[in-house]
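The block underneath contains the structure these notes are about, expressed in structure tokens.
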Amino acid sequence: MIFFFFIIIYLGPIVLMMIVMCVQIKCFQEIIMIGYNVYHSYDLPWFRTLSWYFLLCVNYFFYGETVTDYFFTLVQREEPLRILSKYHRFISFALYLMGFCMFVLSLVKKHYRLQFYMFGWTHVTLLIVVTQSHLIIHNLFEGMIWFIVPISCVICNDIMAYMFGFFFGRTPLIKLSPKKTWEGFIGGFFSTVVFGILLSYVMAGYPYFVCPVEFNSDTNRFMVDCRPSDLFQLQEYHIPAVLQSVIGWKTVWMYPFQIHSISLSTFASLIGPFGGFFASGFKRAFKIKDFANTIPGHGGIMDRFDCQYLMATFVNVYIASFIRGPNPSKLIQQFLTLRPDQQIHIFNTLKAHLTERGMLGNGEGV
């Protein structure tokens with residue numbers, strides 16, 4: 001599985017996005033099939049059909065938003081795409097309403113409560129699987145390092161927690177997972193933090209990993225090429241006096257991203273496992289060992305990705321809160337779609353603002 005992970009990284013961001021979508025569909029299918037197997041004897045009308053229809057609707061909404069956001073130039077250039085983009089949310093809502101009405105029409109008097117259970121089951125599954133897989137793709141567009149480092153930290157924590165628990169484990173951690181121990185939990189934490197710092201140092205030096213994934217309208221291809229931001233430039237940091245006497249260094253050269261990686265690896269090792277505990281509780285509730293038997297010896301795809309979805313949400317929130325700033329290229333793209341009078345108004349407003357701040361002389365400009 002690790003070898004396969006390296007292969008898809010080598011194939012680039014587009015293949016990664018396709019893999020994410022395939023994983024999303026398979027995870028959705030595994031959870032929906034659990035509900036169907038539990039309640040299939042009741043012969044609920046349209047249950048599976050409506051579940052897959054809602055999956056289609058939600059994917060259409062999310063991926064439509066992504067296409068409009070990241071393929072803005074292409075969308076504006078093609079008339080059919082421009083129309084779909086303009087009315088995208090209305091179309092998405094209309095599609096969802098069709099499914100909603102189909103569900104209401106499918107209600108059977110003797111199965112009302114059960115049908116509403118399954119309606120809620122489908123929507124919670126969509127929230128857990130589809131929404132969070134969409135966030136993974138958004139993280140990818142920020143640069144593959146925001147995809148690879150968090151996923152690798154979760155994998156590292158899983159392996160190291162098992163190793164420490166196997167050799168040193170004595171104290172049970174949580175009843176939902178009897179084999180988990182405090183020794184494994186703590187050992188996995190420190191190992192993951194060190195691993196995250198080292199992996200970040202290796203990857204931060206390559207533009208292929210750190211540059212945002214952008215669509216080049218001239219070549220109609222994705223492009224991963226840029227001048228790395230300050231986040232991925234080596235900087236000198238002063239070591240606290242308390243530690244200087246221990247390690248003998250006064251300063252250390254690091255990438256700022258390595259500091260952020262500590263937050264990512266800390267979440268992966270302290271909070272991420274709760275995604276696995278949640279999945280364990282879910283399986284115990286329905287008296288099943290695994291979500292499926294897709295991977296021999298490992299269960300289903302969802303068994304392998306139960307912690308990754310929680311991690312993806314954290315990374316997306318972290319980027320939005322502490323990393324991402326205004327994107328000039330997107331602002332320019334939106335500016336160019338305005339009417340000429342709106343463009344002139346914005347130009348005059350910006351010119352007056354820059355002149356007032358002394359950044360533009362009174363005689364400069366138009």
4.5 Å side-chain heavy-atom contact, Ile91 and Tyr60: yes
Parallel, tilted or perpendicular: ring planes of Tyr96 versus Phe54, cut at 30 and 60 degrees: tilted
Asn139 side-chain N/O to Ala312 backbone N/O, donor-acceptor pair under 3.5 Å: yes
Other residues, nucleotides, ligands: >12 heavy atoms within 6.0 Å of Phe282 CZ: yes
Glu236, CD: over 12 other non-hydrogen atoms inside 6.0 angstrom: yes
Flag if over 12 foreign heavy atoms under 6.0 Å of CE, Met163: no
Nearest heavy atoms of Ile301 and Lys26, plus distance in Å: CG1-CG, 3.4 Å
Intermediate values then yes/no, salt bridge (charged side-chain N to carboxylate O under 4.0 Å, His left out), Glu183 and Arg170: CA-CA 7 Å; Glu183 291 80 4; Arg170 295 291 183 275; over 6 Å; no
Residue that, paired with Trp146, satisfies ring-ring contact (aromatic ring centres under 6.0 Å, His included) out of Phe257, Phe141, Phe209: Phe257
Parallel, tilted or perpendicular: ring planes of Phe185 versus Trp182, cut at 30 and 60 degrees: perpendicular
Aromatic ring pairing Trp52/Phe28, orientation class (parallel under 30°, perpendicular over 60°, tilted between): perpendicular
Flag side-chain contact, heavy atom, 4.5 Å: Met203 against Ile148: yes
Close side-chain approach of Tyr237 and Gln235, heavy atoms under 4.5 Å: yes
Asp158 side chain reached by Arg304 side chain, heavy atoms, under 4.5 Å: yes
Side-chain heavy-atom pair Phe277, Leu173 within 4.5 angstrom cut-off: yes
Other residues, nucleotides, ligands: >12 heavy atoms within 6.0 Å of Phe100 CZ: no
Cation-pi geometry met for Arg89 and Phe61 (6.0 Å, 45°): no
Close aromatic pair by centroid cut-off 6.0 Å: Phe116 and Phe103: yes
Distance-minimising heavy-atom pair for Asn157 and Ser269: OD1-CB, 3.1 Å
Asn348 CG: over 12 foreign heavy atoms closer than 6.0 Å: yes
4.5 Å side-chain heavy-atom contact, Tyr206 and Phe232: no
Minimum-distance pair of heavy atoms, taken over all atoms of Val224 and Tyr208: CG1-O, 3.1 Å
Enclosure of Phe190 CZ (heavy-atom neighbours >12, cutoff 6.0 Å): no
Candidate list Val20, Thr313, Val23, Ile155, test side-chain contact (heavy atoms from CB on, under 4.5 Å), partner Gln308, passing option: Ile155
Validation row: Ser263, Tyr318 side chains within 4.5 angstrom (heavy atoms): yes
Side-chain donor-acceptor pair present, Thr122, Ser51, cut-off under 3.5 Å: yes
Within 6.0 Å of NE2 in His123, more than 12 heavy atoms from elsewhere: yes
More than 12 heavy atoms from other groups under 6.0 Å of CZ on Phe93: no
Validation row: Leu199, Val149 side chains within 4.5 angstrom (heavy atoms): yes
Trace of the side chain to side chain donor-acceptor pair (under 3.5 Å) decision for Gln24 with Asn59: CA-CA 10 Å; Gln24 172 218 116; Asn59 270 311; 2.8 Å; yes
